[in-house]
Every structure is written in C-alpha cells, then in structure tokens.
2 protein chains.
Amino acid sequence: MTTTPQMPVPCPIGRAVGLLGERWTLLILRNANLGTTRFDAFRAELGIADNILSNRLARLVEAGLLTRVPYRDGGRTRYEYRLTTAGAEVLPVLHALAVWGEEHTEPAEPTGSMQVIHQRCGQITTPGRVCDGCGEHVPREEEAWIRPWLSPDPITLASPVATGT
Amino acid sequence: MTTTPQMPVPCPIGRAVGLLGERWTLLILRNANLGTTRFDAFRAELGIADNILSNRLARLVEAGLLTRVPYRDGGRTRYEYRLTTAGAEVLPVLHALAVWGEEHTEPAEPTGSMQVIHQRCGQITTPGRVCDGCGEHVPREEEAWIRPWLSPDPITLASPVATGT
DNA sequence: CACCCTGGCTTGCATTTCACAAGTTGTAGA
DNA sequence: TCTACAACTTGTGAAATGCAAGCCAGGGTG
C-alpha cells in the first residue's frame, strides 16, 4: 500500500501534502487567494486542462478549502468557488514557498519579482506574518501582492467567505 | 504549453511548486530534515518505489537541495544524500504544512500529534521561527520534533552540509 | 423564433508518470 | 563458494494527466 493522497497518515505534513500536494492544487489556491473564483478564470490563468481543473475544484470543495457559492449571470444561477477559512489558511504555505522560490530559483527571464506589501503602512515586506517595515502583524486584509509580470498594481488578498464563527 | 515542473515561470511560488510539488519530494525533504540520508532508509520510511526514489533524489541533487557525499561501508565507498542549505531552507514550508495539517486534517486513528520543541528552553512550540515559550528565534540546531507514533524521543533536525561560506 | 454565444462542465482518447517486481553490481563476511 | 547488502536499473501494467470535442441552459441578436 502506498502513501497516496487522502490516506490519513499520522504525520500532519504527510496529510497536508496528501491534499495540497497534488499537481495544480497549490496553484489553484494561490490564485484563489488572489481573488480568482470562476472556472474560466482559473483555466485561463493557469492553463490547466478542464477535466483536471474540474477534478481539483471538486476535491477542494469536498475537503472544505473552497466552497461553491451561487451567483447570478444575467438571469441564471451559476456557481463560483470562494475560499473558506481553511483555504485562506494555506497562505503561510504560499508565503514559505514564495520565499524559498525567490531565494533558490531563477525565472526564465528577469521580470520584476513578486512583492508583498503591508497596505496599512505601505511598506514592502517579506512574505510572512510580520511586516518588515512597521514590525506589526499583517492580517490578510492588509496584505497585497504585486506581480509585476501581470500588472504593476497591488492585488489585495481575497477574503474567505464567512463560516460559522 | 503547460506549466509542468521545472519550467521557469515568473511567479516564485510557481517555480517552487515546480520543484517541490512533485509527488514525494516534500516528504523526502521532511525526512532528510529529520536526519535520513540513505536510499534504503528513505525507501523504508516512505514506502516509495525504488525507481521513483532514485529519480527524485537525482532531481533534488541536480536542483541543489541535496548533495551526494561518499561514505565508507566496510571497505567500499557508497553515497548518501545530505541536505544543502537550500534543502534545509524548505523547513518553513514544512512548518507551514505541519500547522495547516494539524489544524485542518484528521489522522486515521488518534496517535499523539507531532510536536516541535525548542531545545534551548525545553518548551513545546508551534512550528515556526519564534518559540512560543521563550519568545526567541529558534535556530534549526535548537529545534527538535517529536513524532510519537514512531518514538517518544525528540529528533534534532539534521544540519546541512557546509557549502562555500 | 432560429441561431449563436458563453460559462461550466463531461467524455473519449493519447501521453506521461507511477507502482511493483525482478535483475545488476561490487564488496564482504560465513 | 555462497549469501547478503546497499544502491541502483530495467520492464511492464495501472493510474494520472493533457488535449480536444461535445453538451446544456439561458440570453441576446437578426
């Protein structure tokens, strides 16, 4: 028997990897944290195949990291995928990956690098929970990312949908 | 064209995921951080197939996260895989995954959960760079993990091999 | 009111990756 | 000599992934 996804192993890292470690999953969550909610948008941004995107979104909904919420498109009801708190809380994983990637990998061509800014104080900071500039905790509502290869404008992180508490 | 591993995309998260996001890779690095160095040991601990382990180790060496160092086994030379600093620096990713996994997933059967201890002060702490107990930065030499489903004894993190500096 | 468009999928088939098992190499100890 | 061991390599079938096409429902356009 192998340690394939979703088999609840005793190690929390193993369990997290089982869920988050499938191909595309962390990238979907990255984009969901940046405000993407719709099937088409994920497909366009990631270049992922339809069937796999469909599969991953379903799994993320099932695992409670995303939730399907109805929205109105003209006169009919469609669904979009919104972050839950569990999904929003993968942010530290994304931060850690961003730091590691910035430090240890090279882009194909030198575009400006990704930056995280603390909107309350306006400073650029290292991805993480404390602002390098003002020394304070950075709540997700005050965090924005600049991804210069897409746009010079900062993108404020998406808020998770209210769940219970 | 698809965003497959090793294609240097502009986003550092994408690049990190390209390398670290392959199946088994983060688990290999977790165990390497806990002191595993040998092919057999990785195989036994992870239950990974030989050819995939071989492939992943080679890729990690190529990417500079591990390095092959010779050791003597009786009268002959064998090789083991030791962490480089780049490999050791995935620790924050592992911490973030551990925290998320502890919070949002359930083990199959309730074994004691993984704990991180700051050996200088002896306190149990949340995986991360600052000790909950004494409030100080936890350098990796002072960090140990207890994984009660394997052993009650704390395991001090492996040191990376000296590189350059 | 027939036709096309758009978003969100599902289905079918080719390609790639993975799992499992068996074989290889070089040395050493029984 | 025979067996054991660590670290691989090779072969083969199963599963995951990628690509393209099709489907469905409601609305807009002519």
Side-chain angles (χ1 to χ4, degrees), chain A residues 1-7 9 14 17-29 31-32 35-63 66-82, chain B residues 1-7 9 14 17-29 31-32 35-63 66-82:
Chain A
M1 191 109 210
T2 67
T3 308
T4 37
Q6 275 78 270
M7 188 173 120
V9 291
V17 167
L19 239 163
L20 305 175
E22 289 182 292
R23 191 128 74 174
W24 298 110
T25 299
L26 281 167
L27 300 180
I28 290 169
L29 289 168
N31 288 28
T36 302
T37 58
R38 287 157 50 168
F39 192 97
D40 257 34
F42 283 112
R43 179 172 52 190
E45 289 163 11
L46 299 173
I48 182 176
D50 294 19
N51 52 352
I52 299 172
L53 177 55
S54 181
N55 177 299
R56 290 296 181 278
L57 290 172
R59 203 192 288 289
L60 286 169
V61 168
E62 183 185 304
L66 296 179
T67 184
R68 260 163 68 97
V69 313
Y71 76 97
R72 300 243 108 209
D73 166 28
R76 67 203 142 138
T77 303
R78 293 187 173 289
Y79 292 90
E80 61 183 6
Y81 298 88
R82 300 280 310 276
Chain B
M1 191 114 213
T2 67
T3 308
T4 36
Q6 274 78 270
M7 186 174 121
V9 290
V17 167
L19 239 163
L20 306 176
E22 289 183 294
R23 191 127 78 176
W24 298 110
T25 300
L26 280 167
L27 301 180
I28 290 169
L29 289 168
N31 288 28
T36 303
T37 57
R38 284 155 57 164
F39 191 96
D40 256 33
F42 284 112
R43 178 172 51 191
E45 290 162 10
L46 298 173
I48 182 176
D50 294 19
N51 51 354
I52 299 172
L53 177 55
S54 181
N55 176 298
R56 290 296 180 277
L57 290 173
R59 203 192 289 288
L60 286 169
V61 168
E62 183 186 304
L66 297 178
T67 184
R68 257 163 71 97
V69 313
Y71 74 98
R72 297 245 109 207
D73 166 28
R76 67 208 139 131
T77 303
R78 294 188 173 288
Y79 292 90
E80 61 183 5
Y81 298 88
R82 301 278 311 277

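Protein chains get the first letters and strands the later ones, always in sequence-line order, with residue 1 at the start of each.
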key: Most 5' of B:Glu80 and A:Asn55 on DNA chain D, judged by nearest nucleotide   = B:Glu80

Please give, in whole Å, the distance from [N] [atom2] to [X] [atom1]?
X       : N      : atom1 : atom2 : answer
B:Trp24 : C:dC20 : CH2   : C1'   : 13 Å
A:Ile48 : C:dG8  : CD1   : P     : 15 Å
B:Ile28 : C:dC18 : CD1   : P     : 11 Å
A:Arg23 : C:dT15 : CZ    : P     : 17 Å
B:Leu66 : D:dA7  : CG    : P     : 14 Å
A:Leu27 : D:dG18 : CG    : P     : 11 Å
B:Glu22 : C:dC18 : CD    : P     : 6 Å
A:Ile52 : C:dT16 : CD1   : C1'   : 11 Å

Dump every N/O contact between nucleotides 24-27 of chain C and the protein below 3.5 Å, one line per pair.
unit_1, atom_1, unit_2, atom_2, d
C:dG26, N2, B:Arg76, NH1, 2.2
C:dG26, N2, B:Arg78, NH2, 3.2
C:dG26, N3, B:Arg76, NH1, 3.4

CZ-OG1 distance between A:Arg68 and A:Thr37, expressed to the nearest 0.5 angstrom = 12.5 Å

note = In this structure, CD1 of B:Ile28 is separated from CG of B:Leu60 (nearest 0.5 Å) by 6.0 Å

Between the protein and nucleotides 8-12 of chain D, which nitrogen or oxygen pairs are less than 3.5 angstrom apart?
unit_1, atom_1, unit_2, atom_2, d
D:dC8, OP1, B:Arg68, NH1, 2.9
D:dC8, OP2, B:Tyr81, OH, 2.6
D:dC8, N4, B:Asp50, OD2, 2.8
D:dT9, OP2, B:Ser54, OG, 3.0
D:dG11, O6, B:Asn51, ND2, 3.1

Minimum-distance pair of heavy atoms, taken over all atoms of [X] and [Y]:
X       : Y       : result
A:Phe39 : A:Leu57 : CD1-CD1, 3.8 Å
A:Tyr81 : A:Phe42 : CB-CE1, 4.5 Å
B:Gly14 : A:Leu27 : CA-CD2, 4.0 Å
B:Thr25 : B:Leu19 : CG2-O, 3.7 Å

ask   = Is any side-chain heavy atom of A:Arg59 less than 4.5 Å from a side-chain heavy atom of A:Glu22?
value = yes

ask   = Does some side-chain heavy atom of B:Arg72 sit less than 4.5 Å from a side-chain heavy atom of B:Thr77?
value = yes

message = Heavy atoms only, 4.0 Å cut-off, all strands: where does A:Arg72 land among base, sugar-phosphate and nothing?
response = nothing

inquiry  = At 4.0 Å (heavy atoms only), tell me whether A:Tyr71 reaches a base, stays on the sugar-phosphate, or touches nothing.
reply    = sugar-phosphate

For residues 49-56 of chain A, please give each side-chain donor-acceptor pair under 3.5 Å, one per line with the distance, not counting sequence neighbours.
unit_1, atom_1, unit_2, atom_2, d
A:Asp50, OD1, A:Arg43, NH1, 3.1
A:Asp50, OD2, A:Arg43, NH1, 2.8
A:Arg56, NE, A:Arg23, O, 2.9

